[in-house]
Amino acid sequence: MKKYILVFATIILSSSSLLQAANDLSPTFSIRYEDFINNPTPTASVGLHLRIDEDRYTGFDVNTDGTDTRLLMGWKWGLFGIGSKSVSDGAGGFTIHPHYTFGVSYEIVQGLASNFEYVMTPDRDDIEDRLRLTLSVSF
């Protein structure tokens, strides 16, 4: 699965030179606190944002271990994500479950934003819904 993510990211990044001329495609790096109320351990994610206009964007991101991927739709004030969560099945493999996020966003300065999201994985009883706090940098 990590191989497919790397291939996809490489294709997107290599084709971004055409879009970068208009400064519409921005790589992002984020520090996430997945469950900042119960477990304030930070993780990281990388992604791309494609600016639609001054207020809206779309894109994707994936955490650094490849277990949480999502497509994003965002506005200046909020975002919505649809993706997948990979969970170890205990036998050396992974099961993949749908994963949804929605929340609010605040741009602190240009290129630096904080996000507060509600995260849910409905098909897993052992993964509780949680609140995610993210600090995201766009280049």
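Positions are given from 1, in the same order as the sequence printed here. Note: hydrogens, waters and symmetry copies are ignored here, and every other heavy atom, side chains too, is used.
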Once you round to the nearest 0.5 Å, how far does [atom1] of [X] lie from [atom2] of [Y]?
X      : Y      : atom1 : atom2 : result
Glu107 : Ser138 : CD    : OG    : 8.0 Å
Lys76  : Tyr106 : NZ    : OH    : 11.5 Å
Asp35  : Thr43  : CG    : OG1   : 11.0 Å
Phe94  : Ser88  : CZ    : OG    : 5.5 Å
Arg132 : Asn115 : CZ    : CG    : 9.5 Å
Asp53  : Arg51  : CG    : CZ    : 8.5 Å

Are [Y] and [X] co-members of a hydrophobic cluster defined by side-chain heavy atoms under 4.5 Å apart?
X      : Y      : answer
Val119 : Met73  : no
Leu112 : Val46  : yes
Val137 : Val104 : yes

Using every non-hydrogen atom in the two residues, find where [X] and [Y] come nearest and quote the distance to one decimal.
X      : Y      : result
Gly66  : Val62  : CA-CG2, 4.0 Å
Tyr57  : Gly78  : OH-O, 4.5 Å
Pro27  : Leu25  : CD-O, 4.1 Å
Phe116 : Leu131 : CZ-CD1, 3.8 Å
Leu72  : Gly81  : CD2-CA, 4.2 Å

Review point. Do you know which of Asp61, Thr64, Thr41 makes side-chain hydrogen bond (donor to acceptor under 3.5 Å, both in side chains) with Arg32?
Key: Asp61
Practice item. May I ask you to test the Leu135-Ile108 pair for a side-chain heavy-atom distance under 4.5 Å? Key: yes
**Study point:** Pairwise side-chain contact, Pro42 with Tyr33, heavy-atom cut-off 4.5 Å (strictly under)
**Key:** yes
Revision key, fill the gap. So side-chain hydrogen bond (donor to acceptor under 3.5 Å, both in side chains) across residues 90-103, not counting sequence neighbours, yields Asp68-His99, Arg70-Thr101, Thr95-His97, His97-Arg124, His99-Thr121, Thr101-Glu117
Review point. Is a donor on one side and an acceptor on the other found under 3.5 Å between the side chain of Thr67 and the backbone of Lys85?
Key: no
Review point. In this structure, which one of Ser86, Ser45, Ser84 forms a side chain to side chain contact (heavy atoms under 4.5 Å, CB included) with Thr69?
Key: Ser84
Practice item. Among Ser105, Ser30, Ser114, find the residue that satisfies the side chain to side chain contact (heavy atoms under 4.5 Å, CB included) test when tested with Ser136. Key: Ser30
Exercise for review: Scan Trp77, Phe80, Tyr118 and name whichever one has a ring pair (Phe, Tyr, Trp, His ring centres under 6.0 Å) with Phe102.
Suggested key: Tyr118
